Student: 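Here it is, the structure in full.
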Amino acid sequence: MPAHALVPDDVRVFERGWLSSNNILLCSDTGAALVDSGYVSHAPQTLALIASALGTRSLDVLVNTHLHSDHCGGNAGLQGHYPALRTLIPPGHAEQVRQWDAEALSYGPTGQSCSPFRFDGVLAPGSSLRLGLRDWQVHAAPGHDPHSVILFEPEHRMLISADALWENGFGVVFPEIEGEDAFDEVAATLDLIESLQPRTVIPGHGSVFHQVDTALDVARQRLRQFIADPRRHARHAAKVLMKFKLLELQQVALDDFQRWIGQTSYFSILHRAHFKTQDFRLWIEELLQELVRVGAARIDNQTLFNQ
Ligand SMILES: [Zn+2]
């Protein structure tokens, strides 16, 4: 690969942002595979990006690292456009996808959306699969999501880390929202990543990076803070859910936002588990003010704006 490039030419990373996960297109002369498909409201944009990269060729394989709404929201659109597309998902939620159980798949309790999609096979941890020009190992990576996998290409030591490791942290630990201990799993997954000794990490969000040791240090430091004070993680999780919705809506009347919060069960679960001595509305108000204080949101004329 050229010295200036972070990844080889056959690996194309579409860095999307926080509402949509990054999309990774892996191409060879005989086929094309995509890892993760973004959020449903960006589905037309995802399709346009992939179609313009592939031209007249078709997309053959779609892989999801995990089934959070920001990683598989483009699946349905891609399946519609490429009828022969084979979709592979982690095994943990296969039954829930088959039956389309939006509660178990987290779309209900997070108040997020995802269009139903089909799948054709699962990504068994311990196996490997050819995507584009390369063989990728499938590793279980519980923590952020109990069923997530990460993909490792040993020759160039490239890691597709999903939300298990970003340059500056990792994704909210979803099982902890539901009262299940998962900080140990986050730590074990960080240890696994260290043991793979990746040279390049392609994260689920944010830029591709090489400074893996630094990123692991940052992630472990953050994890220690959450373990020492689980309420800190609970507040963080609630704010992430709010910010995600705001990224989707861009602007919303405060009353409507409060209504959405009232219907989104993760907020009441977090409140009950960690903050039940405080009035629910006041707790929500405080979190919104924190988002405003750090410049992530703006309130004007009873309307909440994304910033
Ligand atoms: Zn995720």
Side-chain angles (χ1 to χ4, degrees), residues 13-24 34-43 46 62-75 87-94 96-97 102-115 117 119 123 125 138-151 159-178 180 182-183 185-190 192-193 201-207 215 219 222-223 226 233-234 236-248 264 266 270:
V13 181
F14 297 95
E15 188 181 331
R16 299 295 293 276
W18 295 93
L19 182 63
S20 276
S21 67
N22 293 339
N23 318 127
I24 303 135
L34 184 72
V35 180
D36 287 341
S37 67
Y39 191 63
V40 65
S41 59
H42 282 167
T46 302
L62 171 62
V63 165
N64 294 121
T65 56
H66 61 302
L67 300 181
H68 283 159
S69 65
D70 53 332
H71 289 254
C72 60
N75 281 22
T87 303
L88 307 175
I89 62 173
H93 270 150
Q96 287 79 2
V97 172
E103 286 300 303
L105 292 169
S106 85
Y107 314 133
T110 56
Q112 298 170 7
S113 306
C114 188
S115 298
F117 56 86
F119 74 97
L123 296 159
V138 180
H139 294 271
H144 163 70
D145 174 87
H147 307 297
S148 184
V149 299
I150 53 177
L151 303 172
L159 177 72
I160 295 176
S161 65
D163 295 341
L165 181 69
W166 301 331
E167 191 166 18
N168 233 320
F170 51 84
V172 163
V173 187
F174 274 70
E176 290 278 340
I177 299 178
E178 299 189 348
E180 290 161 29
F183 290 143
E185 290 183 331
V186 174
T189 291
L190 294 175
L192 164 72
I193 290 173
V201 174
I202 306 170
H205 302 269
S207 307
R222 191 125 181 83
L223 180 61
F226 289 153
H233 178 263
H236 169 66
K239 283 186 286 184
V240 166
L241 289 171
M242 288 177 177
K243 175 66 180 177
F244 188 88
K245 198 64 184 177
L246 204 46
L247 279 167
E248 178 186 344
T264 299
Y266 274 174
L270 285 166

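Note that the structure is a prediction, hence the values are computed from the model and not measured. Residue numbers run from 1 in the order of the sequence given. Counting convention: from 1, in listed order, for ligands and their atoms alike.
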Student: What are the two closest non-hydrogen atoms of P175 and G143, and how far apart are they?
Tutor: CD-O, 3.2 Å
Student: Any luck finding a side-chain donor-acceptor pair between D163 and H144 under 3.5 Å?
Tutor: yes
Student: List nothing but the number: protein N/O/S atoms under 2.8 Å from the Zn ion (ligand 1).
Tutor: 4
Student: Look up atom CG in L62 and atom CG in N23, then write down how far apart they are to the nearest 0.5 Å.
Tutor: 9.5 Å
Student: Can a side-chain donor-acceptor contact be found between N64 and H71 if the only test is distance below 3.5 angstrom?
Tutor: no
Student: Nearest 0.5 Å, please: how far is CG in L19 from CG in D70?
Tutor: 7.5 Å
Student: So how far is it from H68 NE2 to L105 CG, rounded to the nearest 0.5 Å?
Tutor: 9.5 Å
